[in-house]
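A short worksheet on the structure shown next.
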Amino acid sequence: MSEVEQQLTELGRGVENLYTLEELRAKLAKGRPLRVKLGMDPTAPDIHLGHAVVLRKMRQFQDLGHKAVLIIGDYTARIGDPTGRDTTRPILDENTIAENAQTYLDQAGKILDLAPDKLEVRWNSQWLAKLSFADVLKLTGQVTVQQMLHRENFRLRMEKQTEIMLSEFMYPLMQGYDSVVVEADVELGGTDQTFNNLMGRELQHKAGQEKQVVMVMPLLVGLDGHEKMSKSKGNYIALTDDANTMFGKIMSIPDSLMPNYYQLLTNLPEDRIASLIDPNQTHPRDAKDVLGRIIVEEFHGRDAANAASIEFRRRFSEHELPSDIETHAVGEGRINIAQLIRKVGFASSGSEAKRLIAQGAVTFNNERITDPTTEVVIDGEPVLKVGKLRICRVRI
RNA sequence: GGGCGUGUACCGAAGCGGCCAAACGGGGCAGACUGUAAAUCUGCUGGCGAAAGCCUACGGAGGUUCGAAUCCUCCCGCGCCCA
């Protein structure tokens with residue numbers, strides 16, 4: 001197998017779609033480092049494992065000697081990517097964008113190789129902010145409305161008769177124009193980015209450049225097991241989650257998601273994955289433990305990963321208390337249980353606290369409390385538990 | 001600009017004068033069962049209150065009425081068609 005073919009095999013792993021294989025082969029055959037573009041819009045303060053899938057692919061390119069070109073979409077973030085939306089996104093202010101961008105870089109740095117010859121970071125306001133109206137007209141003159149309406153997201157909104165802001169049509173153009181500016185050889189993205197990425201090919205072609213190869217990664221399914229992982233759905237694992245939280249979240253994914261996670265978030269060989277996800281060979285619980293340790297290790301190191309695994313077992317299999325519990329000062333020695341729950345932040349209202357009590361979710365000092373009028377005495381540092389996850393100690 | 005629609009709780013969606021804090025589904029939370037999996041079953045899902053009850057809420061502001069999410073007026077938002 002030639003070196004090019006080896007690269008193709010490695011790079012092709014986990015890929016959902018490639019436009020096109022032949023072009024990638026030809027680009028690799030040139031023997032020079034390819035410029036591999038990935039755009040990220042700093043629209044939220046943290047990124048999650050869904051982003052990690054694409055970032056890991058980026059890392060793979062780096063490890064094979066190619067150059068990662070990370071585009072911080074500080075300008076595109078102002079419009080908002082219409083992807084996955086049935087309504088228009090709110091426009092973010094510049095400060096928020098700048099803050100988000102910084103944390104993005106920090107987080108992406110956990111996955112990417114930060115060596116200067118392996119990574120180039122660009123902010124797209126650098127060129128997008130300078131475009132004149134005439135430039136924009138020229139850009140918009142290269143694509144038809146019909147082409148835009150082919151995009152699934154726009155088409156659905158047309159069908160559902162929900163609004164599409166004219167500015168949203170600009171988004172694919174801006175992202176495509178980024179590719180022209182940075183002269184990308186390859187652009188990475190999730191399946192939801194396919195349209196935007198292909199637009200880059202179109203615009204590059206019109207600009208007289210060789211078309212970028214578009215490599216599309218599958219979207220990671222979120223914790224609920226159905227919807228794609230996303231911040232707004234709350235079904236995500238943040239790269240900034242601490243080791244225990246991250247591990248716990250991985251343990252809570254449906255078994256059916258394991259193959260997907262193994263494939264997209266680990267570097268294990270295929271046959272090893274196959275034996276892990278076969279319930280006849282490996283108990284699903286153990287397979288998930290292995291998965292959790294691998295993923296946590298990538299972000300927090302081996303020791304933290306092992307500790308998280310042990311802590312998890314301790315806490316949920318053996319029903320012990322977590323090893324470190326926050327302590328809340330209450331300021332009173334005797335307090336109504338519902339008020340206490342609200343005071344430590346385990347319920348947002350007294351009514352909610354009472355409901356939880358009535359449902360048997362509350363224990364204080366290991367005693368289940370079902371009467372919302374109960375007064376508890378704070379002697380020492382008793383443990384308050386609401387449901388499985390909300391646990392703290394209280395003191396006066 | 002004209003015509004026709006539409007706006008209900010986290011989301012979708014009923015309700016069209018009192019029985020409405022508002023059916024139903026999804027989501028979420030809690031309990032049972034488990035491997036913090038899935039599936040299943042049960043309950044809860046505006047605030048205050050021990051409770052009775054009170055308060056706030058069906059896009060906004062007024063009005064009619066003993067009584068309005070429901071009727072009227074104006075305004076705002078959104079969609080479709082015509083221009």
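What you see is a predicted model, and the numbers here were worked out from it, not measured in a lab. Convention: sequence-line order gives letters A, B, ...; per-chain numbering from 1.
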Verify the contact: side-chain N or O of [X] to OP1 or OP2 of [N], cut-off strictly under 4.0 Å; return yes or no.
X: A/Ser349; N: B/G47; result: yes
X: A/Arg355; N: B/G47; result: yes
X: A/Ser256; N: B/A38; result: no
X: A/Arg342; N: B/C48; result: yes
X: A/Arg390; N: B/A30; result: yes

Look at the side chain of A/Asp255 against the base of B/G35 and say whether a donor-acceptor pair falls under 3.5 Å; ignore hydrogens and angles.
->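 A donor-acceptor contact between them is present.
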
Within the modelled atom types, does a donor on one side and an acceptor on the other bring the side chain of A/Gln359 and the base of B/G31 under 3.5 Å apart?
->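 Per atom types, no contact qualifies.
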
Using atom [atom1] of each nucleotide, how far apart are [N] and [M] to the nearest Å?
N: B/G79; M: B/C72; atom1: P; value: 25 Å
N: B/A52; M: B/A57; atom1: C1'; value: 22 Å
N: B/G25; M: B/G18; atom1: P; value: 23 Å
N: B/A21; M: B/G46; atom1: P; value: 13 Å
N: B/G77; M: B/G59; atom1: P; value: 16 Å
N: B/A9; M: B/C24; atom1: C1'; value: 14 Å
N: B/C11; M: B/C20; atom1: P; value: 23 Å
N: B/C80; M: B/G67; atom1: P; value: 41 Å

Looking at A/Glu187 and A/Arg201, does any basic side-chain N land under 4.0 Å from a carboxylate oxygen?
-> no

Is A/Arg32 paired with A/Asp185 through a side-chain N to carboxylate O contact shorter than 4.0 Å?
-> yes

Closest to side chain of [X], choosing from [options]:
X: A/Lys354; options: B/C48, B/G35, B/A50; result: B/A50
X: A/Pro254; options: B/C29, B/A38, B/G47; result: B/A38
X: A/Ala361; options: B/A30, B/G47, B/G35; result: B/A30
X: A/Leu356; options: B/C48, B/C29, B/G35; result: B/C29

Searching all strands shown, indicate the nucleotide that pairs with [N] (Watson-Crick or G-U wobble; both distances under 3.5 Å).
N: B/A83; value: none
N: B/C41; value: B/G31
N: B/G17; value: none
N: B/C48; value: B/G53
N: B/G7; value: B/C76
N: B/C24; value: B/G12

Give A/Leu257 one of three labels, base, sugar-phosphate or nothing, depending on what nucleic acid heavy atoms sit under 4.0 Å from its own.
->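 Nothing, no nucleic acid heavy atom in range.
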
Contact class for A/Gly350 vs. all strands (heavy atom < 4.0 Å): base, sugar-phosphate, or nothing?
->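 Answer is sugar-phosphate: A/Gly350 comes under 4.0 Å of backbone atoms only.
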
Roughly how many Å is it from [atom1] in [X] to [atom2] in [N], rounded to a whole number?
X: A/Ile357; N: B/U45; atom1: CD1; atom2: C1'; value: 16 Å
X: A/Ile250; N: B/G35; atom1: CD1; atom2: P; value: 20 Å
X: A/Lys385; N: B/G31; atom1: NZ; atom2: C1'; value: 13 Å
X: A/Lys388; N: B/A30; atom1: NZ; atom2: P; value: 7 Å
X: A/Lys249; N: B/G35; atom1: NZ; atom2: P; value: 24 Å
X: A/Leu223; N: B/A37; atom1: CG; atom2: C1'; value: 12 Å
X: A/Leu389; N: B/A30; atom1: CG; atom2: P; value: 7 Å
X: A/Arg368; N: B/A32; atom1: CZ; atom2: C1'; value: 11 Å

Taking for each residue the nucleotide of RNA chain B bearing the nearest heavy atom, is the 5' side occupied by A/His283 or by A/Pro372?
->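 First, find each residue's nearest nucleotide; the 5'-ward one identifies A/His283.
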
Closest-nucleotide 5' rank along RNA chain B - winner of A/Asp224 and A/Lys288 =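 Counting from the 5' end, the first nearest nucleotide belongs to A/Asp224.
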
Would you call the rings of A/Tyr236 and A/His48 parallel, tilted or perpendicular if under 30° counts as parallel and over 60° as perpendicular?
-> tilted

Give the cluster check for A/Leu321 versus A/Leu384: same hydrophobic cluster or not, with ILVMFWY residues linked at side-chain heavy-atom distances below 4.5 Å.
-> no

Under 6.0 Å from the NZ atom of A/Lys30, do we count more than 12 heavy atoms belonging to anything else shown?
->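 Count over threshold, so yes.
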
What closest approach, in Å, do A/Arg368 and A/Ala361 show between heavy atoms, and which atom pair accounts for it?
-> NH1-N, 4.1 Å

Between A/Ala287 and A/Tyr262, what is the shortest heavy-atom contact and its length?
-> O-OH, 2.6 Å

Can you check salt bridge (charged side-chain N to carboxylate O under 4.0 Å, His left out) on A/Glu5 and A/Arg25, steps first, answer last?
-> CA-CA 8 Å; A/Glu5 294 307 313; A/Arg25 179 178 282 123; 2.9 Å; yes

